[in-house]
K.L.:
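To start, I am sharing the structure in question, which I have written as structure tokens.
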There are 2 protein chains.
Amino acid sequence: MANATIRDVARAADVSVASVSRVLNRHENVRPALREKVEAAAAKLGYVPHAGARSLSLARSNAIGVVLPELHGEFFSELLRGMDREASERGLQLLLSNMHADSARGVEALHTMRGRVDGLVVMAPHIDPDQLLSHLPVGVPAVMVNCAPHHQPRPELRIDNVAGARMMVEHLVATGRRRIVHLAGPAGNIDAEERLGGYEAAMADAGLPSIVERGTFLEDSGVSAAERWVERGDDVDAVFAANDMMAIGVLMAFRRAGIAVPDQIAVAGFDDIPLARLISPSLTTLRIDIALLGERAVARLIEQIDGADDRSIELRAPTLVVRDTTSPREDPENRGIRGNNA
Amino acid sequence: MANATIRDVARAADVSVASVSRVLNRHENVRPALREKVEAAAAKLGYVPHAGARSLSLARSNAIGVVLPELHGEFFSELLRGMDREASERGLQLLLSNMHADSARGVEALHTMRGRVDGLVVMAPHIDPDQLLSHLPVGVPAVMVNCAPHHQPRPELRIDNVAGARMMVEHLVATGRRRIVHLAGPAGNIDAEERLGGYEAAMADAGLPSIVERGTFLEDSGVSAAERWVERGDDVDAVFAANDMMAIGVLMAFRRAGIAVPDQIAVAGFDDIPLARLISPSLTTLRIDIALLGERAVARLIEQIDGADDRSIELRAPTLVVRDTTSPREDPENRGIRGNNA
DNA sequence: TAGATTCTTGTAACCGGTTACATCAAGAGC
DNA sequence: GCTCTTGATGTAACCGGTTACAAGAATCTA
């Protein structure tokens, strides 16, 4: 960016660069006369300090790097919103980088952050965090969000996926459902695996058989899974999807197929994205305050940058939000997908 | 970030810093033997170049600044997603800064970008762009998105709000609605004003009286406006909200009040956020490909950074997407909010 | 084999800030 | 009036890269 430099200001005010720097950084030991001269010169030249040079010399950038798997869907926009809220509160900027699917791009993303940011928030539920972070010097502050088990001694935030999934299964059982299918997320994704594990454990505890199908976390995999069930006439009376977007896909497909939710079949999701309460029937789900998660990640990163040595894992329990899609059935006889076809 | 510097690598490989720099930037004139020595030393030290120092010396940061009014709602997440898509394609990073409501914070946001980014994407529908950008040297590349009229000779992207609003009014009239109320956005917001203008012009052309209420672009202002109409028993048979979030609020309130959409009253929005097709009844709206808007903004910024001098305004026309909320009525007699109360 | 040419490598200045240290002037103390 | 202290200001090194230019080595030409 073409612009005046501090030396231009010094020349215009007929003082040294050190004095200009002192004035602009509000140091005390500057005579009022000189201060005014410098301020006038800076204003006349429209001087704006060069943040890059400043952070090089201070070894501090006032920016934090955010490395995410992708930028798709409301989960990420909420996360970003929370991070921005906390960051702008503290006068920090966010530098975004997405690593897409593979961990090579992930390492690359981490590298391009070097020398630009004071610390990193890394969310990588889908790849091996040890491999990813091994390229990062231990001195670099970083907070991990929803990462798989690893050997990194770093502060971390996690969602208690297992507890959440258990809660949901118990809720479905309590409302009379027995043949509960789980539409899981992609294999290898830690959130997906933990939710699946919680589901299986809770089903076993309830003495019910697990029925599992794999999805991708995207809406259309919910649609196609639901279409398969309808076509096969599967004998299920509840769908617990591993995230809200898939649950919404399931709802869409059921609506098109003329299957009544929640009367014939219940549907539940995970995340409580803003959409969940807006669709109709509104979606029963597990609430994670996503924006708050982002906020906490940035807050803990700042603590670490400021020298704290708190490597604890913060486990955030989701809360069950019961809405229309899992209301108790009115007619216990007309249930399941088969009830429609028969 | 604590890490090895280029001088450390030079020392370890027993060569000069210039040679290290040449090797790492893949210059041709380096003997293979020296190249290998340097690469080995760099690998052993885990050297990652300091991007801040690099951009200071190159006067090029490979980052672009994004200044938005806020980060709320799907509009911004879609915009960001599009910008990221184009930026990461070109190996650029996005530096976020939101300016909240006031233009003082906006100027501040622009200033903190100085010396960090190669150019800016500025979206500021709600404040005076002349005032905002007057603090920016003309040499700084910047693309404006949805800004009010101004005197800035800069590339710009706009939505054709007037044409969009006309299309919607014509569609509502064509499906038999006559008493069409417009729920406008906040005064002073250029998108809100243009959509209002388009509505008024189209209503006048159709020989119908304008009925206007102000909202905030947020969902709850749609809720409260709809509640007012219901309470007063206003004689309207269509609501054209200035954005989708307000339209969704209106739908929620109508549903709670037991008013049938589209039979008693039609509802339409503007933007086509992903949610619009997912709610039920699905929302008729004007589609702006928001992600594409973000993509184009970044693409044009890159052109400008690379020296192009194209200051044209790119006007993107929305397309009408007709969904359930404006279907023709089944019973032309039972219409309007009054039909319910009578 | 000497001289010209080309290619490789190193030295040091530069990008635009901050700040340790030196310098100098003014006021205090005698 | 002279020294000592204190405070304001300037000089120059530094942050970690890049690169113009100089210098030296290798190759080519006659």
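Hydrogens, waters and symmetry mates play no part in the numbers below; they use all other heavy atoms, side chains included. To find a chain, count down the sequence lines: A is the first, B the second, and so on, and within it residues start at 1.
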K.L.:
Under the 3.5 angstrom rule, does the side chain of Q304(A) hit a backbone N or O of A142(A) as a donor-acceptor pair?
P.N.:
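Checked: pair present.
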K.L.:
Donor-acceptor check, side chain of R311(A) to backbone of Q152(A), threshold 3.5 angstrom: yes or no?
P.N.:
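Not a single qualifying donor-acceptor pair exists.
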K.L.:
N98(B) vs V67(B), test: side-chain contact (heavy atoms from CB on, under 4.5 Å). Steps then yes/no.
P.N.:
CA-CA 5 Å; N98(B) 84 49; V67(B) 180; over 6 Å; no
K.L.:
One character per nucleotide, please: for nucleotides 8-20 of chain D, 5' to 3', B when the base has a protein heavy atom closer than 4.0 Å, S when only the sugar-phosphate does, - otherwise.
P.N.:
SBBBB--BBBSB-
K.L.:
Does the distance from a Lys or Arg side-chain N to an Asp or Glu carboxylate O, for R60(B) and D118(B), drop under 4.0 Å?
P.N.:
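Yes, R60(B) and D118(B) are salt-bridged.
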K.L.:
Let me confirm one number: the CZ-CZ distance from R26(A) to R35(A), rounded to the nearest 0.5 Å.
P.N.:
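The CZ atom of R26(A) sits 7.0 Å away from the CZ atom of R35(A).
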